[in-house]
Amino acid sequence: MADITNQSLNEIIENVKTKKISSRELTKAYIKNIENAKKLNAFVTTTFDQALENAKQFDNKPNFDQLLPGIPLAVKDLFCTENTKTTAGSNILNNFIPSYESTVTKNLWGNGSFLLGKLNCDEFAMGSSNETSHYGNVINPVGDQLVPGGSSGGSSSALAADLTPATIGTDTGGSIRQPASFTGTVGLKPTYGLCSRWGIVAFASSLDQAGPMTKTIKDCAIMLESMSGFDEKDSTSINKKKEQYSKNLKDNIKGLKIGIPKEYRVDNMPKEIDELWEKGKNILKDLGAQLIDISLPHTKYALPTYYIVAPAEASSNLARYDGVRYGYRSKQGKDLIEMYEKTRSEGFGDEVKRRILIGTYVLSSGYYDAYYLKAQKVRQLIKKDFDDSFKKIDAILTPSTPSSAFKIGEKTNDPVSMYLNDIFTVPVNLAGLPALSLPAGVDKKGYPLGLQLIGKALDEQKILNIGYAFEKNCGFKNEIKKWWS
Ligand code: GLN
């Protein structure tokens with residue numbers, strides 16, 4: 001059969017189910033693509049032999065009733081995978097082989113899929129460009145000089161380059177939605193607690209959430225359905241009935257009320273982003289939705305609040321990397337304290353060190369009230385803005401990012417300009433809400449741009465439905481030339 005790796009996950013599943021392609025043929029086709037795409041540096045580890053073995057087992061005893069029958073999938077290297085190295089993009093975990101499987105990956109495998117490899121990411125998911133990874137930066141298939149976004153940059157790059165039919169990332173402040181926007185793909189950050197955090201290398205535990213990255217909305221619904229669900233191993237996991245997001249997908253959005261927050265029109269925002277937003281509003285209006293101007297007055301505090309809360313939690317979560325139980329250990333150091341110091345200073349990269357310093361500072365006695373406690377209070381106000389608005393609307397439409405993909409190296413010497421890239425994505429994490437980034441158009445240079453749909457807590461189905469209707473009417477096609485192979 002002709003190469004089908006450029007098809008959507010849903011189409012590929014149909015091809016497997018109708019036996020037009022076997023799982024083994026499919027797996028071989030992805031392996032070939034991955035081998036031809038080394039320049040993108042999207043993978044930290046590949047598990048080809050195991051994948052071929054899994055595919056063979058599937059073909060010998062196929063179960064076509066599963067959601068992901070015989071589908072090979074690569075995942076972000078932040079998900080612990082049993083007996084397969086998991087680095088979190090860090091030198092400090094360069095030899096870490098987990099003895100357990102994260103719940104979300106286990107759920108994916110339980111639905112018929114298997115691992116193809118582990119995808120590069122910013123170190124401990126801290127970054128917006130995949131340039132903080134110890135394993136080198138990842139290239140955006142859209143252009144050889146461009147970052148793929150971050151921190152799930154290996155995931156967005158691999159997906160857009162047809163190296164995996166779908167993938168998963170994590171989103172603490174935008175790490176699924178921003179790379180999706182930069183590569184013309186779909187990314188969903190689910191409601192906090194919908195997908196288990198168990199077995200995911202922790203960054204900021206009150207914000208971290210795993211979610212799907214896909215080529216289409218239907219694929220996104222299939223992946224979310226496969227990976228989500230209650231998990232008693234995660235105390236923040238929500239105990240609710242499992243939804244059938246893909247079966248319940250509807251493209252009728254007549255009468256839905258879509259909020260347009262005035263605070264998302266920021267100073268110096270490129271005209272193209274504004275125009276894209278207008279285009280999105282018009283599409284939804286033409287489909288029968290009603291646009292309603294809303295105000296989320298505390299939006300301007302979201303970024304500073306995030307850059308206090310996230311480093312505070314990170315500094316605490318990363319205290320466990322001391323070279324004793326697992327991971328990298330420095331050979332230097334005369335005594336225990338010096339071994340800790342050298343391990344951490346050699347094991348962590350600059351951005352991670354910066355976060356640990358900031359986090360330790362904002363939590364230290366004397367500064368705790370002024371920074372951390374204050375940030376927690378502001379976080380509640382940000383959440384309240386959303387709660388108040390959602391009394392009168394169904395969803396919110398905003399741009400996903402204030403720019404298209406930027407050049408490698410362009411922002412590495414200016415952390416604040418890097419952090420500013422998260423301006424539209426972080427409020428959602430602080431409020432624990434679901435948000436979808438949809439490919440919506442391209443800028444003058446032809447680089448993809450995304451729009452964001454924010455929903456009420458646990459209203460994933462509604463934002464997927466709006467996205468589904470939008471996708472059918474937006475006319476966006478991700479035209480990527482395979483310059484790397
Ligand atoms: N870019 C943001 C940061 O560096 C968000 C990262 C993420 O969502 N993991 O903190």
Side-chain angles (χ1 to χ4, degrees), residues 75-79 88-90 104 119-133 137-138 147-156 167-182 187-190 192 195 197 200-213 302-318 348-359 362 375 379 400-403 405-406 410-412 414-437 450 452:
V75 304
K76 184 176 186 178
D77 205 13
L78 206 70
F79 295 92
S90 183
V104 286
L119 297 164
N120 205 338
C121 59
D122 276 303
E123 186 176 5
F124 286 101
M126 298 174 192
S128 308
S129 62
N130 216 119
E131 290 169 292
T132 73
S133 169
N137 57 267
V138 175
V147 302
S151 64
S152 312
S155 303
S156 64
T167 185
I168 54 173
T170 59
D171 191 313
T172 306
S175 279
I176 287 176
R177 290 159 288 155
Q178 186 254 20
S181 173
F182 279 15
L188 172 69
K189 183 207 92 74
Y192 183 77
C195 296
R197 286 182 299 109
I200 303 176
V201 176
F203 166 7
S205 305
S206 78
L207 301 161
D208 296 345
Q209 185 61 203
M213 298 172 76
L303 203 61
T305 301
Y306 173 84
Y307 275 99
I308 290 173
V309 174
E313 294 185 19
S315 70
S316 158
N317 270 328
L318 271 56
F348 292 134
D350 287 349
E351 183 59 30
V352 172
K353 286 179 189 158
R354 187 176 1 251
R355 307 278 178 123
I356 294 173
L357 287 173
I358 296 172
V362 300
R379 181 174 184 178
S400 299
T401 54
S403 74
F406 45 89
E410 192 179 313
K411 294 184 195 285
T412 36
D414 183 358
V416 173
S417 89
M418 188 71 93
Y419 297 170
L420 278 168
N421 220 260
D422 303 333
I423 195 154
F424 299 143
T425 48
V426 293
V428 161
N429 299 74
L430 291 167
L433 303 174
L436 183 64
S437 178
Q452 173 174 242

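We count ligands from 1, going down the list as the structure has it; atoms in each ligand are counted the same way. These numbers come from a predicted model, not from an experiment.
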For ligand 1, which atoms sit closer than 4.0 Å to a heavy atom of [X]?
| X | value |
| --- | --- |
| Ser151 | 9 (N) |
| Phe203 | 9 (N), 10 (O) |
| Met126 | 4 (O) |
| Ala125 | 6 (C), 7 (C), 9 (N) |
| Gly173 | 5 (C), 7 (C), 8 (O) |
| Tyr306 | 2 (C), 3 (C), 5 (C), 6 (C), 10 (O) |
| Asp171 | 8 (O) |

Closest approach of any protein heavy atom to atom 2 (C) of ligand 1, naming residue and atom |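 In this structure, atom 2 (C) of ligand 1 has Asp422 OD2, 3.0 Å as its nearest protein heavy atom.
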Which residue supplies the protein heavy atom nearest to atom 3 (C) of ligand 1, what is that atom called, and how far is it?
->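 Sorting protein heavy atoms by distance from atom 3 (C) of ligand 1 puts Tyr307 OH, 3.3 Å first.
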Just checking, any donor-acceptor pair under 3.5 angstrom between side chains of Lys76 and Ser152?
-> yes
Distance-only polar pair, side chains of Ser181 and Ser400, donor-acceptor under 3.5 Å | no
Is there a donor-acceptor pair closer than 3.5 Å between any side-chain N or O of Gln178 and the backbone N or O of Asn421?
-> no
Checking side chain to side chain contact (heavy atoms under 4.5 Å, CB included) against Lys411, which of Ser417, Ser129, Ser128 comes through?
->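 Single pass found, and it is Ser417.
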Closest to atom 9 (N) of ligand 1 (judged by heavy-atom distance), picking from Gly127, Ala314, Ser175 =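 Nearest heavy atom to atom 9 (N) of ligand 1 lies in Ser175.
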Aromatic plane relationship, Tyr307 with Tyr419 - under 30° parallel, 30 to 60° tilted, over 60° perpendicular =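 Geometry flag for Tyr307 against Tyr419: parallel rings.
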Where's the contact between Arg355 and ligand 1, heavy-atom distance under 4.0 Å: side chain, backbone, both or neither?
->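 It is the side chain that touches ligand 1; the backbone stays farther off.
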Run through Lys189, Gln209, Arg177 and flag the one making a side-chain hydrogen bond (donor to acceptor under 3.5 Å, both in side chains) with Asp171.
->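 Only one of Lys189, Gln209, Arg177 forms a side-chain hydrogen bond (donor to acceptor under 3.5 Å, both in side chains) with Asp171, namely Arg177.
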